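Convention: sequence-line order gives letters A, B, ...; per-chain numbering from 1. In this text, all values refer to a predicted model and were calculated from it rather than measured experimentally.
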Protein chains: 2
Amino acid sequence: MTGSPAARNTLRILRFLAAQPDPVPAERIASSLGLPRASTYRLLSAMTAEGFVVHLEEDRVFGLGVGAFEAGTGYVRQAPLRRLAHGPMTRLVDRVEESAHLAVLHGRDVLYLIEERAPGRPSLVTDVGVRLPAHLTASGRAMLAALPRVQVRALFPDRDAFATHRGTGPATPAALRSLLAETRQRGYAVEDDEVTPGLASVAVPVLDHNRHPVASVAVTFAHESVLARRRAELSTEVAETAHDISRRLTGR
Amino acid sequence: MTGSPAARNTLRILRFLAAQPDPVPAERIASSLGLPRASTYRLLSAMTAEGFVVHLEEDRVFGLGVGAFEAGTGYVRQAPLRRLAHGPMTRLVDRVEESAHLAVLHGRDVLYLIEERAPGRPSLVTDVGVRLPAHLTASGRAMLAALPRVQVRALFPDRDAFATHRGTGPATPAALRSLLAETRQRGYAVEDDEVTPGLASVAVPVLDHNRHPVASVAVTFAHESVLARRRAELSTEVAETAHDISRRLTGR
DNA sequence: GTGTTCTGTCTCATATGTGAGACAGATTCT
DNA sequence: AGAATCTGTCTCACATATGAGACAGAACAC
C-alpha cells in the first residue's frame, strides 16, 4: 500500500506540468496521465485553491503556480550540500574567471544545484534544475569514476541505458568502463563538445566520509581558448574546491 | 466546491515542509496542520512514492524530495518574465559591476526570481526564492509606486499590515504614501540599510502594456562606496534595463 | 531495568470521494 | 450559419478512502 490515489495523482499532475515548456489544457493533462476528466478538473481545482497551479482562463490552459516555486526553493534551502558549497564555488569562479557548477547524481542523470556564471562568459545549458545524462558530462563522469563498479554496472547495465546526444560519448558498458578508468588515472573528468559544441569542462567529485561521491564541482570554458597547461591549472583549482567542500561536509 | 481534500492536504504538507529549515517528524506535520495521524502517514507514504518527500528513517523525520525541486524549476522555466529578463540582467551586471536582481510582487511581499552576482561582491539575502516585505525593499517600492493608489491601499490598509524589520521603513499608510510619492518624483526607488546594514539598492519597475508593474530590476551596492553621482548613473543603467525588458515583454 | 512516549503500520465501519455521463456555453471548422 | 468539438461544471450510485483506535517495536527518561 503506497498511499492515497488522489495524493499520488496530484503530484503526478504537478510533475507533468513542471515538465511542460508552457501551460497546457486540462484535456492534455487527463489524456497524458490517463486520468478521468472529472477527476482531473477536481484535482486541478484543489491545486489552484492551494496556489500550486494557476488557471489561465482566456487561453484555457493550466500552468504552475507560485506554490510550486516555493516547494522548489524549500528543497534547495534544505539541501545541506548547497549551503556548504556556495561560498567555495563563488571563490572558485572569482579565482579562475570561468563559470562553475555543482551537480549531484540522480539515477543515470546529473542534476545541477548551483551555477555560478563568470563575467563575460556565456550562459550555460547547465542552469540550476537542469538534468543531463551523467555519462555525457564531466560532472557525471567524475562521480561515476568514484563509484564502485557494481553500482556503475547497475546504473548502466546494457546499451539501452545510454541516452545519445548527437552521437557523442560512450555507448556501451565497456566504453564507459574504459572512459572511467582513464578518468581515475587522470585524476579529473573531462568533456569536450559532448553537450555543447565549442565548450569543454573539467570536474572533480566531492566525497563524503566513506569516499562516496555525493556531488561534483566543474568548470566550463570555450575549449579553443584554453591551452593544455591552463586546463591542468583549472583542474587543480577545481580539485581544491571539491576537497574544501568535502572537508566542510565531513567536519574534517 | 474546491476539490479533493486529499489533494489539498497533500499540497499543504508540501508547503509546510518547504517552510521548515530542516526535515521534521510526522507527528509535527500532523499536529501543525490538524490532520489525523493515520491520514498523515498515508499521505506522506504517497508523497514518498512519488519522490516529493523523503523519509530519513534513522532520524525519523521527513524532508522534501527532488520532485519538489523539479516542480520549482518547472515554474521558473515557464515564467516568461524570467526568460525575457535573463539576458538584459546579465548585461547590466557586466556593465555596472554590481549585483542585480529581478523581483515580482506577491501579496505584500516581493519574491526574487533572478539574482545575478557580480564578481567580488558579497552574496545577498535576496537569493532566488527569498520573500521580503515589499515596503522595505527598493524592488517592492518601485512596483508599489507604479501601482494605482487604491491597490496600494488594499495591500496596506492599516498599521497591522506593516511587517517590521529592526524598526526601519514606513509603518503607516500615510508614511508609505509619502515615500511612494518621493519615489515617483525621483524616478527610481531607493533602500538604505533597511534590509541589510551597509547595503543600499536602487530599483525601477518593469511595466506591461497597461503600464502595470509586473516586476522590478534592482542593483545593490555597499552604500559607503558609492557617491551620489555614481548612484544616479546606476539608476540610469537600471532604468535602461527595465525598459529593455518591458519592450521585450510587450513586443514594442 | 522499568515505565512512558514516540513511531510506523494496520483493521474496519462508515463517510465521502470517484468516475461515467449529462448539460450548456464557447470555440473552431467547414 | 450550422455542425462538431472542446471546456468547465454538475449529479449520483457505488467504490473506496478515511479516521479512530489498536498493536508492537524503538527510543527515551528516570
Side-chain angles (χ1 to χ4, degrees), chain A residues 1-68 78, chain B residues 1-68 74 78 80:
Chain A
M1 200 277 280
T2 46
S4 154
R8 297 194 66 163
N9 289 327
T10 296
L11 298 175
R12 288 175 67 220
I13 289 172
L14 197 51
R15 189 193 297 115
F16 177 79
L17 286 177
Q20 305 313 302
D22 297 294
V24 293
E27 180 54 45
R28 177 99 70 74
I29 297 166
S31 60
S32 298
L33 298 181
L35 297 175
R37 236 164 54 82
S39 300
T40 304
Y41 276 101
R42 195 179 283 127
L43 293 178
L44 285 170
S45 172
M47 296 169 86
T48 302
E50 293 298 332
F52 282 76
V53 162
V54 290
H55 183 212
L56 309 177
E57 292 183 37
E58 325 77 50
D59 301 320
R60 303 169 10 127
V61 290
F62 292 85
L64 290 171
V66 74
Q78 278 175 26
Chain B
M1 198 274 282
T2 44
S4 155
R8 297 194 67 164
N9 289 327
T10 296
L11 299 175
R12 287 175 68 222
I13 290 172
L14 197 50
R15 189 192 298 115
F16 177 80
L17 286 177
Q20 306 312 303
D22 297 293
V24 293
E27 179 55 46
R28 178 101 70 70
I29 297 167
S31 59
S32 298
L33 298 181
L35 297 174
R37 236 165 52 83
S39 299
T40 303
Y41 277 100
R42 197 180 281 124
L43 293 179
L44 285 170
S45 173
M47 296 169 86
T48 302
E50 293 297 333
F52 281 77
V53 163
V54 291
H55 184 211
L56 308 177
E57 292 183 37
E58 325 77 48
D59 302 321
R60 300 155 37 109
V61 290
F62 293 83
L64 291 171
V66 74
Q78 276 177 26

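The residue among B:Y41 and A:R60 whose nearest nucleotide of DNA chain C is located toward the 5' end is B:Y41. Each of B:A6 and A:R28 lies near DNA chain D, and the nucleotide nearest A:R28 is the one positioned closer to the 5' end.
Near DNA chain C, meaning a heavy atom under 4.0 Å from it, residues 12-25 of chain B has B:P25 in order of number.
Separating the CG atom in A:L35 from the CZ atom in A:R12 is a distance of 5.5 Å, to the nearest 0.5 Å. One finds the CZ atom of A:R60 at 8.5 Å from the NE2 atom of A:H55 (value rounded to the nearest 0.5 Å). Interatomic distance, A:R37 CZ to A:Y41 OH, rounded to the nearest 0.5 Å: 5.5 Å. Taken from OG1 in A:T48 to CZ in A:F62, the straight-line distance is 6.0 Å, to the nearest 0.5 Å. Atoms CZ and OG1, on A:R8 and B:T10 in that order, are 11.5 Å from each other to the nearest 0.5 Å.
For B:L44 and D:dT18, the CG to P distance is 13 Å, given to the nearest whole Å. Taking atom CD on A:E27 and atom P on C:dT27, their separation rounds to 18 Å, with Å as the unit. Spacing between atom CG of A:L56 and atom P of D:dG8 amounts to 11 Å, rounded to whole angstrom units. Regarding A:R42, its CZ atom lies at a distance of 14 Å from the P atom of D:dC12, rounded to whole Å. One atom, CG of B:D59, and another, C1' of D:dA27, lie 13 Å apart when rounded to the nearest Å. One can place CD1 of B:I29 at 13 Å from C1' of C:dT7, the figure rounded to the nearest angstrom. Residue A:F62 contributes atom CZ, which lies 9 Å from atom C1' of D:dT7 at whole-angstrom precision. Put simply, CG on A:L43 is 14 Å from C1' on D:dA17, counting in whole angstrom units.
Side-chain N/O atoms of A:H55 include one lying less than 4.0 angstrom from OP1 or OP2 on D:dG8.
When each of B:L14, B:N9, B:V53 is checked for a side chain to side chain contact (heavy atoms under 4.5 Å, CB included) with B:L43, only B:N9 meets the rule.
Judged by atom type and distance alone, B:R37 reaches the base of C:dG8 through a side-chain donor-acceptor pair under 3.5 Å.
Here the nucleotide nearest the side chain of A:A38, chosen from C:dT18, C:dA20, D:dA20, is C:dA20.
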Quiz: residues 23-33 of chain A side-chain donor-acceptor pairs under 3.5 angstrom, not counting sequence neighbours:
residue: A:S31; atom: OG; partner: A:E27; partner atom: O; Å: 3.0
residue: A:S31; atom: OG; partner: A:R28; partner atom: O; Å: 3.3
residue: A:S32; atom: OG; partner: A:R28; partner atom: O; Å: 2.7

